[in-house]
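Atoms within a ligand are numbered from 1 in the order they appear, just like the ligands themselves. Quantities reported herein were computed from a predicted structural model and do not represent experimental measurements. Counting from 1, the numbers follow the sequence of the chain as shown.
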Amino acid sequence: MKKSIGQIKAEALEKLQSAPDLESIQALSIRYLGRKGIVTQFLRNISKLPPQKRPDIGKEANEIKHFLDAQFREAIRRFETEPSETDDRIDVSLPGRTAQRGYLHPITQITLQICDIFTRLGFDIAEGPEVEKDYYNFEALNIPKNHPARDMQDTFYISDAIVLRTHTSPIQVRVMEKHSPPLRVIAPGKVYRCDSDLTHTPMFHQVEGLLVDKKVSFGDLKGILTTFVHRMFDDQTSLRFRPSFFPFTEPSAEIDILCVQCRGKGCRICSHTGWLEVLGAGMVHPAVFEIVGYDTTRYTGFAFGMGVERIAMLKYRIDDIRKYFENNFRFLKQF
Ligand code: PHE
C-alpha cells in the first residue's frame with residue numbers, strides 16, 4: 001500500500017474544503033467511497049496484509065470510511081439547503097414590495113360625482129378650450145363690449161379678441177353651433193378670473209349645464225337641480241331660488257341650499273343666513289338662441305353653472321379654497 005489511510009483522509013478533506021459546487025462534491029464522494037473508490041480499494045487490500053496488522057488497520061480504515069461518508073453527506077446537504085449568493089431561486093416567503101397608491105384629487109372626485117349624477121339623467125359631456133375667443137366668452141352670450149356685466153368677471157386678456165375663459169358658459173354656444181335641439185349637455189372645466197382670497201383662486205373649476213327642447217320650462221330646471229342637490233348632498237337639503245341677473249338667461253336665478261352645517265339655524269359657514277349659494281341658472285335668453293340660429297318660437301331651454309371648489313368646500317367642510325391647490329399630500333390623502 002502506497003499511501004496510509006491517514007494520508008488518504010487528509011487529502012479527501014482538503015479536496016472537500018475547496019470543492020466549489022455540488023457536482024464536484026458528488027464526484028469526490030464517488031472518487032473516495034464509490035465501488036472503485038480510493039477508500040474502498042484500501043479496505044479490499046487489507047486482506048493482503050500480514051494477519052497481525054489487519055485488525056488495527058482495518059478498524060481505522062472503517063472508521064475513516066464512515067467519517068468521510070458523513071462529511072460528504074453533510075457537505076451535500078448544506079449545498080442543497082443553503083442558497084449561495086449566486087443562487088437566483090426566488091424566496092416566495094419574502095414579503096412583497098408594496099406599491100404606492102395614487103389618489104384622485106378631491107376636485108377631480110367631486111367633478112366626476114357631478115358628471116355622474118347628470119349623465120344618469122341623460123346628459124352628455126361636452127368640453128371647450130380654456131383659451132377662448134372673446135366672442136364665445138362674452139359676445140355670443142349677449143355680453144357686448146362695454147356692457148357693465150363684463151365687470152362682474154375680472155378677465156385675463158390674452159389679446160383684444162382672446163381671453164382665458166371666465167366661465168364654462170362659452171361651451172353652451174359651441175355646443176349649440178354644432179348640434180341642433182333637443183340636447184342635454186354637461187360641461188366641466190377650468191375657468192380663470194383675476195381674483196384671489198380665502199374663497200377665490202385665479203383658476204377654479206365649473207360645471208355648466210344646458211338643456212334645450214320643445215316646451216322646456218323653469219319647472220324642469222327646478223326639478224333637475226333639486227334632484228341634483230339631493231343626490232350630491234342629501235334629500236333633506238332644501239333649495240331656494242332667488243331672482244338674479246345673467247345677460248344670457250331670462251329669467252335668471254341664483255340657487256341657495258340649506259346650510260350643510262346648521263341646517264338653517266345660522267352659523268359661521270352660512271354667515272348666519274341659514275343658506276349657501278351654489279348655482280347660477282336661468283332660461284336661455286332668446287338672444288343667445290338667435291346667435292346660434294335656433295328657432296326661438298319652437299325651442300326653449302335652461303342653463304346652469306356651478307363652482308366645483310365651492311361644492312367641495314361645503315361637502316368636506318373646508319374653509320380655505322387655497323388648500324385644494326397647495327399640493328400638501330397629507331391634506332389630499334384624506335379624501
Ligand atoms: N356662467 C355663470 C357664472 O359663471 C353661471 C351661469 C351659468 C348662470 C349658466 C346662468 C346659466 O357665474
Side-chain angles (χ1 to χ4, degrees), residues 111 114-115 118 123 125-130 132-144 147-156 163-176 183-195 199-213 216-218 220-226 228-229 239-257 276-289 291-292 294 299-313 321:
T111 305
I114 296 169
C115 289
F118 283 104
F123 285 73
I125 309 243
E127 276 180 307
E130 288 167 36
E132 184 57 285
K133 289 184 173 149
D134 180 281
Y135 174 77
Y136 289 110
N137 197 80
F138 294 121
E139 213 83 17
L141 288 166
N142 201 26
I143 317 173
H147 189 286
R150 289 204 179 201
D151 296 341
M152 281 163 71
Q153 303 173 352
D154 311 87
T155 314
F156 286 112
V163 301
L164 293 185
R165 68 178 176 202
T166 58
H167 51 177
T168 42
S169 300
I171 304 173
Q172 287 186 36
V173 182
R174 288 179 172 275
V175 169
M176 289 191 283
L183 55 87
R184 311 172 171 213
V185 291
I186 196 88
K190 290 186 169 75
V191 300
Y192 302 83
R193 289 181 198 177
C194 189
D195 202 352
T199 52
H200 298 87
T201 44
M203 184 284 297
F204 61 103
H205 297 76
Q206 283 189 337
V207 176
E208 189 83 7
L210 173 69
L211 185 148
V212 184
D213 207 338
V216 177
S217 72
F218 200 93
D220 296 319
L221 170 64
K222 240 183 128 175
I224 289 278
L225 291 183
T226 304
F228 164 70
V229 167
L239 289 80
R240 182 173 78 167
F241 286 69
R242 252 186 312 110
S244 185
F245 172 79
F246 299 104
F248 38 95
T249 49
E250 180 61 31
S252 303
E254 277 175 311
I255 292 107
D256 302 335
I257 61 170
L276 301 159
E277 188 201 316
V278 289
L279 284 139
M283 302 306 290
V284 180
H285 199 293
V288 178
F289 277 163
I291 283 167
V292 296
Y294 277 14
Y299 295 107
T300 50
F302 62 72
F304 56 86
M306 66 187 102
V308 180
E309 282 78 3
R310 174 101 176 119
I311 305 240
M313 285 168 83
I321 191 174

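- With A281, S244, S252 as candidates, the residue nearest to atom 10 (C) of ligand 1 on a non-hydrogen basis is A281.
- A distance of 6.0 Å or more separates the ring centres of H167 and F246.
- Under the side-chain hydrogen bond (donor to acceptor under 3.5 Å, both in side chains) criterion, Y136 pairs with E177, sequence neighbours left out.
- Residue Q172 approaches ligand 1 through these ligand atoms, each under 4.0 Å from one of its heavy atoms: 9 (C).
- Across every non-hydrogen atom of M283 and S217, the tightest pair is CE-C, 3.7 Å.
- Within the 4.5 Å cutoff, no side-chain heavy atoms of V308 are placed close to those of P188.
- Within the 4.5 Å cutoff, the side chain of V175 has heavy atoms near those of the L183 side chain.
- A salt bridge does not link E208 to R165: none of the charged side-chain nitrogens sits closer than 4.0 Å to a carboxylate oxygen.
- For ligand 1, the atoms sitting less than 4.0 Å from at least one non-hydrogen atom of G305 are 6 (C), 7 (C), 9 (C), numbered in the order shown with element in parentheses.
- Considering backbone and side-chain atoms alike, H167 places an N or O below 3.5 Å from some N or O of ligand 1.
- At least one heavy atom of Q206 sits closer than 4.0 Å to an atom of ligand 1.
- Looking at F304 against ligand 1, only its backbone comes within 4.0 Å, counting heavy atoms.
- A ring-centre distance under 6.0 Å is not found for F123 and F228.
- Of all atoms in ligand 1, numbered sequentially from 1 with element shown, those under 4.0 Å from a heavy atom of A303 are 9 (C), 11 (C).
- Contacts between R193 and ligand 1 below 4.0 angstrom, taking non-hydrogen atoms only, involve the side chain exclusively.
- Heavy-atom separations between F302 and ligand 1 are all 4.0 Å or longer.
- Comparing E254, R165, M283, E208 against atom 9 (C) of ligand 1, the shortest heavy-atom distance belongs to E208.
- For ligand 1, the atoms sitting less than 4.0 Å from at least one non-hydrogen atom of S169 are 1 (N), 7 (C), numbered in the order shown with element in parentheses.
- Every residue was checked against the side-chain hydrogen bond (donor to acceptor under 3.5 Å, both in side chains) condition with E277, not counting sequence neighbours, and none meets it.
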